[in-house]
Amino acid sequence: MKIPPVKGTRDFYPLDMARRNWIIDGWKRVSLRNGFEEYDGPIFEYLKMFQLKSGDEIAEQLFSLTDRGGRELALRPEITPTMARMMNQQINSLPKPIKWFSVPRLFRAERPQRGRLREFFQWNVDIIGVDDVLADAEIIFTTIDYLSSVGLTPRDIRVKISNRKLLASALTNIGIPEKQLYSLYALLDKYNRIPPDVFEKTLAEQVPDSAPAKKIVDFMNTTTLSEVPEIVGKDPEVDTAMQELASLKDLLEQMGVWQFCDFYPSIVRGLAYYTGVVFEVHAVGGELRAVGGGGRYDNLLQDFGGPSIAATGMGMGDCVLGILLEERNLIPEDLSTQQLDYFIASADKKYFPKVIEITAKLRRTGKAANFAYKPTGLSKQLKQASVQGAKKCIIIGSEIESGKLVVKDMATGEQKTTELDNLLK
RNA sequence: GUGAAAGUAGCUCAGCUGGUCAGAGCACUGGAUUGUGGAUCCAGGGGUCGCGGGUUCAAAUCCCGUCUUUCACCCCA
């Protein structure tokens with residue numbers, strides 16, 4: 001019986017695996033050079049953990065199971081709750097600020113489509129214990145540091161930045177009642193994804209008065225911070241939020257990455273827990289969904305039973321990123337699935353035992369070495385050596401009688417005869 | 001959960017107005033090549049044409065159902 005792969009999963013053949021590792025190694029390298037430490041948690045947790053800060057709809061998108069002890073569990077759809085749990089357990093002994101990163105494998109029972117699968121990898125970086133906007137700047141810097149390290153330029157991607165505080169105070173100042181804010185957020189979040197007339201029509205259902213509705217549209221269209229007070233009116237809270245964004249911009253300029261960024265009031269981001277700076281990374285000119293996003297969520301640890309402590313972070317999945325890098329031809333084509341130092345070939349069948357012996361010796365000295373199981377013609381063996389990406393090929397022929405062998409450099413074709421003992425040192 | 005498109009070799013696809021329609025390229029294996037790789041040429045293996053039913057003398061081809069995939073909507077931590 002043939003059993004098909006599960007919907008929304010991927011098989012990683014060696015070449016796919018090389019690409020996956022290339023992406024993930026990049027994430028890790030950039031995290032480490034930005035001063036983050038790696039952590040990980042279990043791949044499943046109590047179901048409750050993921051329901052805590054999310055609604056029922058999100059619970060429906062979980063892969064859940066009941067274990068034999070009757071515990072209700074779920075495969076992790078995100079790692080942030082696990083991180084909060086882990087930090088809360090040791091919060092008093094962890095040196096602040098806490099800068100952690102992870103590349104968890106995550107699961108969501110959504111219907112698969114372009115850039116979205118049921119199993120994927122997501123790079124997470126978080127800074128806990130710093131309420132200064134400097135931490136938000138560092139998160140954004142780290143994100144851009146990676147994206148530019150793989151060759152994406154300000155013409156390929158934009159980091160769209162806003163602030164939940166600004167959004168809340170602006171809407172309040174326009175005259176929107178506080179209890180209506182969240183339903184309005186959901187609409188504003190779609191501002192760039194739906195046609196303007198549909199947006200205005202839906203907006204009119206929520207905000208019947210045309211004056212405030214127009215202000216909201218104007219606010220959404222602003223890309224210049226200084227225009228905001230003219231649109232929404234002056235207010236101390238608007239001021240505070242604007243100052244935060246202004247100093248974020250100053251910091252990103254100092255860090256030399258502001259050319260990747262735009263102020264974008266319509267960036268809201270899905271759920272309720274963001275409390276300050278929010279941002280999303282989008283590909284320029286594509287139909288792709290966001291490559292990544294994040295922001296400040298100062299209530300997170302407290303929500304998971306810990307102390308009130310500032311937090312900001314970012315998540316980036318491998319699906320959309322992979323499509324984008326593919327589109328822009330930024331994935332190296334020569335990614336290798338094997339890395340052999342030596343391939344050992346024999347010029348004659350009778351030296352085959354020697355091949356096995358020398359291969360084993362080389363391996364025990366720490367060299368990556370391989371040989372052909374069938375001692376066919378030398379040309380076949382050399383072909384295998386180049387297919388397997390061997391740097392050098394050792395040819396064992398009659399010279400071995402006097403303890404010598406031929407070493408061929410596969411890149412240059414150059415050959416040298418050396419003592420066997422030299423090679424094994 | 002809703003809608004649309006597509007399923008033929010490991011991969012990309014041709015064939016589709018029913019009748020040499022079981023095919024190509026790439027990949028794989030072997031040979032040309034018994035001491036020299038990436039090239040070239042030759043040969044070979046590999047398919048229940050997604051599955052089930054119907055129409056017909058005859059179905060990869062037409063019709064119905066079904067499954068899967070992809071894309072979009074919903075949602076997006």
Side-chain angles (χ1 to χ4, degrees), chain A residues 2-11 13 15-16 49-62 74-84 104 106-118 120 122 124 186 189-190 193-194 198 268-274 278 280 287-295 297 300 303 313-317 319-320 323 334 340 343 345-351 372 374-400 405-415 417:
Chain A
K2 228 178 191 172
I3 299 176
V6 174
K7 185 200 277 276
T9 61
R10 286 171 289 180
D11 293 330
Y13 289 89
L15 197 58
D16 308 308
M49 171 163 269
F50 304 115
Q51 293 172 319
L52 203 66
K53 64 170 191 182
S54 331
D56 290 338
E57 285 207 0
I58 278 163
E60 277 172 26
Q61 295 183 341
L62 289 170
L75 295 180
R76 62 187 181 191
E78 57 173 331
I79 200 171
T80 311
T82 301
M83 181 193 78
L106 304 179
F107 307 86
R108 296 178 187 175
E110 297 172 298
R111 197 130 164 194
Q113 55 186 279
R114 185 168 162 83
R116 182 205 275 176
L117 295 168
R118 292 184 160 188
F120 58 97
Q122 188 185 65
N124 285 78
D189 195 40
K190 285 182 206 158
R193 294 198 298 266
I194 61 180
V198 177
V268 181
R269 296 204 39 85
L271 289 187
Y273 66 72
Y274 288 103
V278 285
E280 279 181 3
E287 301 287 302
L288 289 175
R289 62 190 71 240
V291 177
Y297 41 93
L300 182 81
D303 289 345
M314 184 281 300
M316 178 185 300
C319 298
V320 176
I323 293 170
D334 57 350
L340 293 179
F343 191 95
S346 59
D348 191 291
K349 267 202 277 263
K350 69 181 174 190
Y351 300 121
K374 271 190 293 182
T376 48
L378 183 58
S379 72
K380 276 268 156 33
Q381 296 179 69
L382 279 162
K383 188 171 179 172
Q384 267 195 58
S386 68
V387 165
Q388 296 187 17
K391 292 188 193 82
K392 291 180 176 173
C393 191
I394 292 170
I395 298 163
I396 299 174
S398 50
E399 307 88 339
I400 197 70
L405 33 73
V406 173
V407 178
K408 181 184 177 81
D409 186 302
M410 294 302 280
T412 63
E414 200 180 318
Q415 292 192 181
T417 306

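In what follows, chains are A, B, ... by sequence order, proteins preceding strands, each numbered from 1.
In the set B:rA77, B:rG35, B:rU36, the nucleotide with an atom closest to the side chain of A:Tyr274 is B:rA77. For A:Ser386, the listed nucleotide lying nearest its side chain is B:rG37; candidates were B:rA72, B:rG35, B:rG37. Checked against B:rA77, B:rU36, B:rC76, the side chain of A:Tyr273 finds its nearest nucleotide in B:rA77. Among the nucleotides B:rG3, B:rA77, B:rU36, the one closest to any side-chain atom of A:Glu110 is B:rA77. Closest to the side chain of A:Glu399, from the set B:rC75, B:rG35, B:rG37, is B:rG35. For A:Arg111, whose side chain is taken as the heavy atoms from C-beta onward, the closest listed nucleotide among B:rG3, B:rG35, B:rA77 is B:rG3. Checking B:rU36, B:rG38, B:rA72 against the side-chain heavy atoms of A:Lys383 singles out B:rG38 as nearest.
In terms of modelled atom types and a separation under 3.5 Å, the side chain of A:Asp16 and the main chain of A:Tyr13 share a donor-acceptor contact.
Taking atom P in both B:rC62 and B:rC76, the straight-line distance is 42 Å, to the nearest Å. A gap of 26 Å separates the C1' atoms of B:rA22 and B:rG31, to the nearest Å. With P as the reference atom, B:rG23 and B:rG15 are 16 Å apart, rounded to whole Å. The gap from the C1' atom of B:rG18 to that of B:rA59 amounts to 7 Å, rounded to the nearest Å. Taking atom P on both nucleotides, B:rG10 is separated from B:rG47 by 8 Å, rounded to a whole Å. Annotation: B:rA14 and B:rU34 have their P atoms spaced 42 Å apart (nearest Å). One P atom belongs to B:rG19, the other to B:rA27, and the distance between them is 33 Å to the nearest Å. Only the P atoms considered, B:rU61 is 13 Å distant from B:rG53, to the nearest whole Å.
The shortest distance between side-chain heavy atoms of A:Arg116 and A:Cys319 does not fall below 4.5 Å.
Put simply, A:Lys408 has no side-chain N or O that comes within less than 4.0 Å of OP1 or OP2 on B:rG38. A close approach under 4.0 Å does occur between a side-chain nitrogen or oxygen of A:Gln113 and OP1 or OP2 of B:rA72. OP1 or OP2 of B:rG31 has at least one side-chain nitrogen or oxygen of A:Lys380 nearer than 4.0 Å.
Contacts of A:Gln415 with the nucleic acid, taken as non-hydrogen atoms under 4.0 Å apart, include base atoms. Residue-level contact check: A:Thr376 touches neither bases nor backbone, having no heavy atom under 4.0 Å from any strand.
Pairing for B:rC74 is absent, judged as Watson-Crick or G-U wobble with the two contacts each under 3.5 Å. B:rG18 makes up no base pair with any nucleotide shown, lacking Watson-Crick or G-U wobble contacts both under 3.5 Å. If you check B:rA60 for Watson-Crick or wobble pairing at under 3.5 angstrom, you find it has no partner at all. In this entry B:rA5 has B:rU69 as its Watson-Crick or G-U wobble partner, both defining distances falling under 3.5 Å. Nucleotide B:rC41 has B:rG31 as its partner under the Watson-Crick or G-U criteria, with both atom distances under 3.5 Å. Base pairing annotation: B:rG25 forms a Watson-Crick or G-U wobble pair with B:rC11, both donor-acceptor distances under 3.5 Å.
Counting only N and O atoms by type, the side chains of A:Gln113 and A:Arg289 include a donor and acceptor under 3.5 Å apart.
Residue A:Leu382 is the one, among A:Lys7 and A:Leu382, whose nearest nucleotide of RNA chain B lies closer to the 5' end (criterion: closest heavy atom). With RNA chain B read from its 5' end, the first of the two nearest nucleotides for A:Arg289 and A:Gly115 is the one closest to A:Gly115.
Rounding to the nearest 0.5 Å gives a distance of 10.0 Å between CD of A:Gln122 and CZ of A:Arg76.
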* List the steps, then state whether side chain to side chain contact (heavy atoms under 4.5 Å, CB included) holds for A:Val407 with A:Gln415. => CA-CA 6 Å; A:Val407 178; A:Gln415 292 192 181; over 6 Å; no

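In terms of heavy-atom proximity, A:Thr9 sits nearest to A:Val6 at OG1-O, 2.6 Å.
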